[in-house]
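What follows is one structure encoded as structure tokens, with my remarks underneath.
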Amino acid sequence: QKEVEQNSGPLSVPEGAIASLNCTYSDRGSQSFFWYRQYSGKSPELIMFIYSNGDKEDGRFTAQLNKASQYVSLLIRDSQPSDSATYLCALEGSYKLIFGSGTRLLVRP
Amino acid sequence: DAMVIQNPRYQVTQFGKPVTLSCSQTLNHNVMYWYQQKSSQAPKLLFHYYDKDFNNEADTPDNFQSRRPNTSFCFLDIRSPGLGDAAMYLCATSRGGTGSYEQYFGPGTRLTVT
């Protein structure tokens with residue numbers, strides 16, 4: 001049974017700071033990882049995916065994958081109040097996504 | 001723009017009255033998924049179609065059924081909705097194939113059961 005663990009938060013950071021969101025997973029064989037952002041009452045929006053060890057950057061977002069330690073992180077630089085949302089970590093298994101329960105991020109103006 | 005569309009966005013039904021939710025996609029993706037999401041919980045996969053192949057999750061109640069008449073459309077049928085079925089229902093698509101696992105979600109249908 002593949003599992004994905006996230007701290008539910010809320011993680012509170014001041015505007016302009018770096019927000020660091022973390023996720024651990026149980027299946028050492030997992031290969032593909034995803035970060036979704038979900039605003040209250042809206043559907044999840046894919047913001048990053050990462051398949052290889054190391055860092056992947058896209059604008060203010062950086063995903064980090066460490067397969068040896070079985071964790072994946074999302075860094076948000078220059079956090080804005082509009083980044084306040086729940087961030088869902090997911091991994092792929094047999095064309096299905098296994099989601100964590102999400103971390104709520106609050107960016108204070 | 002290529003996208004995933006869900007109709008209706010809000011649906012109110014009575015206890016026990018069948019309801020159908022619709023999803024369409026212009027991405028030409030092979031895989032379509034239905035998820036149920038309740039407040040403060042992660043999306044829960046109900047089933048998915050890979051092309052015409054239907055894949056049901058083991059814990060999806062029989063009350064939930066799905067149809068995919070063509071590549072573009074997929075329907076979720078709830079045969080006898082109970083109060084516990086009130087939730088957001090999310091449709092998602094994925095291209096399928098090795099190395100292409102990203103899923104893209106539609107806006108969701110909020111179901112209320114009275």
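A note on names: the letters A, B, ... follow the listed sequences, proteins ahead of strands, and every chain is numbered from 1. This one's a predicted model, so the numbers in the text were calculated from it and none came from an experiment.
- The nearest pair of heavy atoms linking Pro107(B) to Ser43(A) is CA-OG, 3.6 Å.
- Within a 6.0 Å sphere centred on NZ of Lys38(B), heavy atoms belonging to other residues, nucleotides or ligands number more than 12.
- Taking every heavy atom of both residues into account, Leu97(A) and Gln103(B) meet most closely at CG-NE2, 3.4 Å.
- If you tally non-hydrogen atom pairs under 4.5 Å between each of Lys44(B), Gln41(B), Gln37(B), Arg110(B) and chain A, the highest count goes to Gln37(B).
- Put simply, of Gly108(B), Gly96(B), Ala92(B), Pro43(B), the one with the most heavy-atom pairs under 4.5 Å next to chain A is Pro43(B).
- Hydrophobic clustering (side-chain heavy atoms under 4.5 Å, transitive across Ile, Leu, Val, Met, Phe, Trp, Tyr) groups Leu88(A) together with Phe34(A).
- Both Tyr25(A) and Leu74(A) are members of a single hydrophobic cluster when ILVMFWY side chains are connected at heavy-atom separations under 4.5 Å.
- Taking non-hydrogen atoms and a 4.5 Å limit, the residue list of residues 47-56 of chain B in contact with chain A, ordered by number, reads His48(B), Tyr50(B).
- Proximity to chain A among residues 62-82 of chain B is not found for any residue, judged by heavy-atom separations below 4.5 angstrom.
- One hydrophobic cluster, built from ILVMFWY side chains closer than 4.5 Å, holds both Val107(A) and Phe61(A).
- Contact annotation: the side chain of Glu45(A) never approaches that of Phe105(B) to less than 4.5 Å [non-hydrogen atoms, C-beta and beyond].
- Among the candidates Ser101(A), Pro44(A), Ala90(A), Gly102(A), the residue making the largest number of heavy-atom pairs closer than 4.5 Å to chain B is Pro44(A).
- Residues Phe49(A) and Tyr101(B) keep their aromatic ring centres 6.0 Å or farther apart.
- Environment of CZ in Arg104(A): sparse, with no more than 12 heavy atoms of neighbouring residues, nucleotides or ligands closer than 6.0 Å.
- If you measure heavy-atom distances from Tyr95(A) to chain B, the contacts under 4.5 Å come from both the backbone and the side chain.
- Each of Met88(B) and Tyr87(A) belongs to its own hydrophobic cluster when Ile, Leu, Val, Met, Phe, Trp and Tyr are linked at side-chain heavy-atom distances under 4.5 angstrom.
- With rounding to the nearest 0.5 angstrom, the OG atom of Ser94(B) is 8.5 Å from the CD atom of Glu92(A).
- In this structure, the portion of Glu57(B) lying under 4.5 Å from any heavy atom of chain A is its side chain and not its backbone.
- When heavy atoms are compared at a cutoff of 4.5 Å, Gln38(A) approaches chain B solely by way of its side chain, counted from C-beta outward.
- Residues Ala42(B) and Gly100(A) share a closest heavy-atom pair of CB-O, 3.2 Å.
- Only the side chain of Tyr33(B) comes within less than 4.5 Å of a heavy atom of chain A; its backbone N, CA, C and O stay farther away.
- Hydrophobic clustering (side-chain heavy atoms under 4.5 Å, transitive across Ile, Leu, Val, Met, Phe, Trp, Tyr) groups Ile76(A) together with Phe33(A).
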